[in-house]
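To find a chain, count down the sequence lines: A is the first, B the second, and so on, and within it residues start at 1. Keep in mind the model is a prediction, meaning the values are calculated, not measured.
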Amino acid sequence: MSDATLNAAPSRPVRKGDHVFLIDGSSYIFRAYHALPPLSRKSDGLPVGAVAGFCNMLWKLLREANEVGVKPTHLAVVLDHSATTFRNTIYDLYKAQRPEPPEDLRPQFKLIRDAVHAFNVACIEQEGFEADDLIATYSRQAVEAGADVTIVASDKDLMQLIRPGVIMLDTMKGKIIGRDEVIEKFGVPPEKVVDVQSLAGDSVDNVPGVPGIGVKTAAQLIEEYGDLETLLARAGEIKQPKRREALQTFADQARISYRLVTLDQNVPLDTAIDALCVRPTEGERLIRFLKAMEFTTLTGRVASATGVESASVEPDPSIASARALGETAPAPAAMADTAAPATGAVAALPELHPSALAAARLGAARAPVDRSTYETVLSIDRLRDWAARATAAGIVAVDTETTSLDPMQADLVGVSLALAPGEACYIPLAHRGEGDGLFTEGLLAGQIPIRDALAVLKPMLEDRGVLKIAQNLKYDWLVLARYGIEIAPYDDTMLISYVLDAGRGAHGMDPLSEKWLGHTPITFDEVTGKGKARITFDRVPLDRATAYAAEDADVTLRLWHALKPRLVAEGMATAYETLERPMVPVLAQMERAGISIDRSILSRLSGDFAQSAAALEAEIQELAGQPFNVGSPKQLGDILFGVMGLPGGTKTATGAWATGASILEDLAEQGYELPQKILDWRQLTKLRSTYTDALPSYLNPETKRVHTSYALAATTTGRLSSSEPNLQNIPVRTEAGRQIRRAFVAEAGKKLVSADYSQIELRLLAEIADIPALRKAFRDGLDIHALTASEMFGVPVEGMPSEIRRRAKAINFGIIYGISAFGLANQLSIGREEAGAYIKRYFERFPGIRDYMEETKRICREHGYVTTLFGRRCHYPDIAAKNPSIRAFNERAAINARLQGSAADIIRRAMVRVAPALQASGLSGRMLLQVHDELIFEVPEDEVAATLPLVAGIMERAPEPAARLNVPLKVDARAADNWDEAH
DNA sequence: AAGTCTTCGTA
DNA sequence: GTACGAAGACTTC
């Protein structure tokens with residue numbers, strides 16, 4: 001290889017058999033920056049990690065065997081010239097939300113250009129065009145000339161260019177991307193990639209796409225219809241209404257997206273492709289640069305390959321110094337993220353403003369996730385190193401992998417940790433070979449014995465000086481509790497998101513990652529499969545397990561960096577610390593306790609219900625004159641309104657006959673026999689399928705109890721929700737329903753204690769709306785519904801007809817729900833006009849409540865949220881919707897949220913206080929369940945007398961000292977052998 | 001096998 | 001009129 005200096009750019013036409021390499025420089029820089037450990041020039045701390053990675057890659061492509069197995073005849077590094085391109089004229093939001101590059105990356109862009117020149121390689125950039133468009137154009141020209149093309153990049157936007165003779169090479173993963181890989185990723189071949197992308201959109205580049213359509217659905221649609229235009233033209237044929245409407249509504253948005261993602265293959269090039277021919281490496285020039293960068297290893301390699309005496313070459317003095325670039329050299333991301341003692345660059349820059357550090361940190365947290373850097377920890381020494389670094393850092397993201405989604409049955413399979421964005425590991429502990437589950441091969445070799453690993457992790461996980469960060473910690477808390485580990489202190493990114501953004505989208509990790517990091521993590525389903533084909537996590541191969549698990553910890557840590565600062569900035573830190581975070585161990589302990597159910601009661605009921613339902617079914621079919629599926633609303637509607645021609649038939653939104661309870665009740669009142677029997681049949685089958693049959697299947701085989709799962713971040717108002725099984729909707733209204741409650745029992749020698757708030761939401765209405773008459777009524781312990789009726793209708797409370805009181809009660813509930821004449825009319829089975837008149841009269845008597853409702857709407861419109869008594873925010877982004885019914889719905893929800901949410905806050909405060917208070921009093925009762933305004937405990941018989949007043953007192957005083965209400969809270973508490981009698 | 005619609009249980 | 005979750009029927013793949 002000649003070392004001659006060739007200043008004039010040579011040129012050699014591209015012809016058949018040539019091989020053109022096009023390097024996507026810009027995206028390579030970003031990836032190298034995040035994938036590689038932060039590296040600073042020793043002499044002055046100039047960040048050079050991305051430059052080093054880039055130089056190594058380029059050297060390898062030029063001089064050594066690469067993955068493609070050929071040496072380039074033509075080669076260019078293609079860069080983005082500026083942020084604004086023709087795409088911004090199509091769509092002004094294109095790439096709009098893309099964050100600024102991190103501070104310690106910025107000075108490296110210029111260095112990369114210097115590097116390209118030092119390598120004597122063509123460096124291409126062109127105003128108004130992205131690197132991708134230039135690559136597309138060169139690629140087309142090369143193919144037309146009969147040459148092969150290798151695009152060195154991993155950006156999915158370039159995959160549309162793949163065709164015979166054109167492949168992509170991801171040097172960081174050492175992977176070639178061809179037609180098959182594209183099909184694997186997009187579900188369609190390269191030539192259809194743009195069609196799929198224009199439907200699915202791209203959150204990273206802010207390509208809108210069509211809402212509700214992801215890559216999977218898009219691929220399937222394109223597969224079926226061929227291309228975007230055909231699909232849009234025939235969108236009306238699509239069966240699924242949601243999908244059809246989305247495609248029709250957002251057709252133009254999809255067309256815009258199509259233009260955004262389609263690369264321009266006809267850019268008027270400033271530099272002809274012939275000029276990209278590979279030029280000889282000038283050893284001395286390159287070494288001058290590498291020495292200036294202080295890349296000693298690469299300098300040595302280049303020297304020996306080019307035969308230049310390295311010692312005789314001086315570093316290039318023109319290569320920028322940190323100071324000359326006018327850049328502060330901030331801490332590498334890994335350091336900025338930790339509470340570790342300031343070292344290196346941080347120590348050298350004491351004047352660096354905290355917000356600059358925060359910006360650098362946020363930049364790192366938002367940087368692309370690279371799964372290839374995660375470590376699989378297989379030795380106790382490596383584990384000790386990770387634990388020690390976590391302890392030194394004082395902060396670590398943690399995630400557990402297990403054999404089950406049910407934390408009460410899940411066995412630990414592995415633990416992942418993240419110390420800084422991109423710096424994460426997975427510690428497999430109980431992975432097995434890929435067996436059939438019956439013939440287990442035993443543990444996979446090489447894993448650290450679980451006891452040894454937990455012995456290393458436990459001190460760190462319980463260290464008061466190390467903040468553990470998790471997403472949905474309650475799950476991991478429950479799992480680790482069963483291994484004798486109690487995590488503390490901790491933060492939960494799901495709960496931080498919830499307290500900040502309740503009502504503004506979901507709080508699971510995948511949606512949060514999309515929203516805040518613009519990154520799509522590997523999904524659990526992708527790793528384990530789903531449905532019948534699902535495998536347990538212990539059968540996931542270690543490389544896939546590491547990519548998935550370490551990424552979860554990595555993403556969790558990045559989310560924490562993105563969200564935690566908002567708590568203070570937005571004034572939500574107290575709400576998080578008092579209403580959210582302390583609930584994790586409280587709920588975990590409740591779930592772990594579970595509740596005992598009496599199987600024999602349920603199985604007897606099941607039999608009874610089945611028999612009665614069968615009898616009813618026979619009568620129903622007799623009355624109908626033909627056999628049909630009574631459980632099918634479709635068939636039932638045909639019988640009632642078609643065959644029998646009953647009056648009052650209305651259609652549902654989808655055009656089917658409506659056969660809901662209220663319609664059947666109306667018919668029953670008119671004297672028809674069949675509808676009542678249907679109602680009875682429905683009740684019996686409902687109770688049987690949902691409760692008496694289903695509940696026993698939730699019995700935990702080890703504990704012989706039922707362990708529900710509470711969701712802390714599921715509702716907009718702050719309420720909990722319960723699932724698997726839902727123990728917040730156990731029947732209570734009818735006698736048949738109450739029999740089910742009798743199956744919830746205390747264990748021998750104990751009682752169930754139920755303590756519930758009496759009319760808490762109405763009391764909060766009186767408090768928040770500040771209605772003196774209502775406040776006084778509660779203070780005096782009056783019958784609030786009777787009083788309302790008396791005020792409205794002028795009837796004395798004494799001897800009031802029950803129907804009058806019933807109507808007033810419905811109005812009171814209506815107020816809490818953000819009353820409408822329509823709703824009240826439905827509830828009371830009266831006309832809209834009459835209901836409207838009631839409401840008018842109510843507001844005349846209680847004008848303060850109308851003012852409260854108007855004020856709530858105004859506040860919600862102004863801020864986009866309402867606030868509870870304790871500072872929780874409930875967001876209603878559609879409060880100002882143009883559509884009147886959507887707007888009215890949001891207004892009612894906002895009115896309700898202040899009350900429902902304040903009540904939810906109060907019971908949360910009580911729940912946090914109960915366990916310590918019981919313990920302080922030497923009582924051993926355990927809290928088992930929460931049903932919005934009710935707490936259920938299991939208490940030794942001889943402690944019941946002491947527990948009842950203690951619990952009631954804590955609940956009644958729960959608002960204090962944060963709020964001192966002018967209305968008393970009233971709690972009724974009772975003990976019995978089963979839930980029905982205690983309630 | 002998975003997703004949507006309808007219905008119904010609770011506060 | 002608010003807030004939820006679960007089940008069966010039905011549709012779609």
Side-chain angles (χ1 to χ4, degrees), chain A residues 216-217 220 223-224 238-243 502-503 525 529-534 629-637 652-664 678-679 682-683 685-691 693-695 698 708-711 714-734 736-737 740-741 756-757 759-761 810-828 835 839 853 874 876 885 888-901 903-904 907 929-934 983:
Chain A
K216 288 275 153 58
T217 309
Q220 169 214 326
E223 180 72 20
E224 185 175 350
I238 290 172
K239 299 262 171 53
Q240 304 91 327
K242 281 259 159 57
R243 194 172 288 178
D525 288 358
K530 50 185 179 170
K532 214 182 125 190
R534 169 162 284 177
N629 181 352
V630 184
S632 161
K634 191 164 168 277
Q635 295 179 34
L636 177 63
T652 66
T654 51
W657 291 114
T659 65
S662 65
I663 288 171
L664 298 185
I678 307 271
L679 285 166
R682 279 190 181 167
Q683 191 197 25
T685 53
K686 175 85 176 178
L687 294 179
R688 193 164 90 96
S689 65
T690 310
Y691 303 105
D693 281 358
L695 282 171
Y698 287 103
T708 185
S709 176
Y710 288 104
T715 69
T716 307
T717 58
R719 274 191 176 178
L720 306 179
S721 77
S722 157
S723 61
E724 290 180 300
N726 180 358
L727 295 186
Q728 291 180 323
N729 71 343
I730 301 300
V732 72
R733 291 198 231 276
T734 65
I740 293 168
R741 284 204 172 209
D756 69 297
Y757 285 104
Q759 294 171 325
I760 186 169
E761 289 178 10
I811 292 170
N812 277 333
F813 274 102
I815 296 294
I816 291 169
Y817 295 151
I819 202 156
S820 77
F822 180 83
L824 183 64
N826 265 339
Q827 177 66 31
L828 288 175
I839 295 169
M853 295 172 91
C874 313
Y876 293 91
S885 69
F889 178 84
N890 278 272
E891 289 171 349
R892 291 193 298 269
I895 289 165
N896 174 254
R898 281 177 84 181
L899 305 172
Q900 193 186 110
I907 199 165
L929 303 178
Q930 189 249 43
V931 191
H932 308 311
D933 65 358
E934 176 187 16
H983 184 70

- Query: Quick check: does any side chain N or O of Gln827(A) sit under 3.5 Å from a backbone N or O of Ala810(A), one acting as donor and the other as acceptor?
  - Reply: no

- Indicate yes or no for a side-chain donor-acceptor contact from Gln728(A) to the backbone of Gln930(A) under 3.5 Å, with no hydrogens or angles considered. yes

- Query: Is there a side-chain contact between Ser662(A) and Asn826(A) (heavy atoms, below 4.5 Å)?
  - Reply: no

Over all strands shown, is [X] touching base, sugar-phosphate only, or nothing at heavy-atom distances under 4.0 angstrom?
X: Ala821(A); answer: nothing
X: Ile730(A); answer: sugar-phosphate
X: Thr685(A); answer: nothing
X: Arg892(A); answer: sugar-phosphate
X: Asn629(A); answer: sugar-phosphate
X: Gly660(A); answer: sugar-phosphate
X: Gln635(A); answer: sugar-phosphate
X: Ala533(A); answer: nothing
X: Ser820(A); answer: base
X: Glu934(A); answer: nothing

- Query: Considering all heavy atoms of both residues, which atom of Ala835(A) and which atom of Ala821(A) are nearest to each other, and what is their separation?
  - Reply: CB-O, 3.4 Å

- Item | Shortest non-hydrogen contact from Ala904(A) toward Arg719(A) | CB-N, 3.7 Å

Proximal nucleotide (of [options]) relative to the [X] side chain:
X: Ser723(A); options: dC10(C), dA6(C), dA3(C); result: dA6(C)
X: Thr715(A); options: dC4(C), dA6(C), dA11(B); result: dC4(C)
X: Ala661(A); options: dC5(B), dC8(B), dC13(C); result: dC8(B)
X: Pro633(A); options: dA9(C), dC5(B), dA11(B); result: dA9(C)
X: Asn726(A); options: dA9(C), dG9(B), dA3(C); result: dG9(B)
X: Lys634(A); options: dA3(C), dC10(C), dG9(B); result: dC10(C)
X: Phe889(A); options: dG9(B), dT2(C), dT11(C); result: dT2(C)
X: Ser632(A); options: dG9(B), dC4(C), dA9(C); result: dA9(C)

Separation of [X] atom [atom1] from [N] atom [atom2], in whole Å?
X: Tyr757(A); N: dT10(B); atom1: OH; atom2: P; answer: 22 Å
X: Glu761(A); N: dA3(C); atom1: CD; atom2: P; answer: 12 Å
X: Leu929(A); N: dG5(C); atom1: CG; atom2: C1'; answer: 16 Å
X: Ile740(A); N: dA7(C); atom1: CD1; atom2: P; answer: 13 Å
X: Leu899(A); N: dT2(C); atom1: CG; atom2: C1'; answer: 10 Å
X: His932(A); N: dG5(C); atom1: NE2; atom2: C1'; answer: 10 Å
X: Leu664(A); N: dC8(B); atom1: CG; atom2: C1'; answer: 12 Å
X: Leu679(A); N: dT7(B); atom1: CG; atom2: P; answer: 12 Å

Strictly by modelled atom types, are [X] and [Y] linked by a side-chain donor-acceptor pair under 3.5 Å?
X: Ser723(A); Y: Ser709(A); value: no
X: Asn726(A); Y: Tyr691(A); value: no
X: Gln683(A); Y: Thr734(A); value: yes

Can you find a side chain N or O atom of [X] that sits less than 4.0 Å from OP1 or OP2 on [N]?
X: Thr659(A); N: dT6(B); answer: no
X: Thr690(A); N: dA7(C); answer: no
X: Arg733(A); N: dT10(B); answer: yes
X: Thr652(A); N: dT6(B); answer: yes
X: Arg682(A); N: dT7(B); answer: no
X: Ser662(A); N: dT7(B); answer: no

Pairs: protein N or O with nucleotides 1-3 of chain B N or O, under 3.5 Å:
| unit_1 | atom_1 | unit_2 | atom_2 | d |
| --- | --- | --- | --- | --- |
| dA2(B) | OP1 | Gly531(A) | N | 3.3 |

- Task: With sequence neighbours left out, write down each residue that passes salt bridge (charged side-chain N to carboxylate O under 4.0 Å, His left out) with Asp756(A), or none if nothing qualifies.
- Result: none

- Quick one: do Glu891(A) and Arg898(A) make a salt bridge, cutoff under 4.0 Å? no

- Task: Please give the nucleotide sitting opposite dC13(C) as a Watson-Crick or G-U wobble pair, both distances under 3.5 Å, or none.
- Result: none

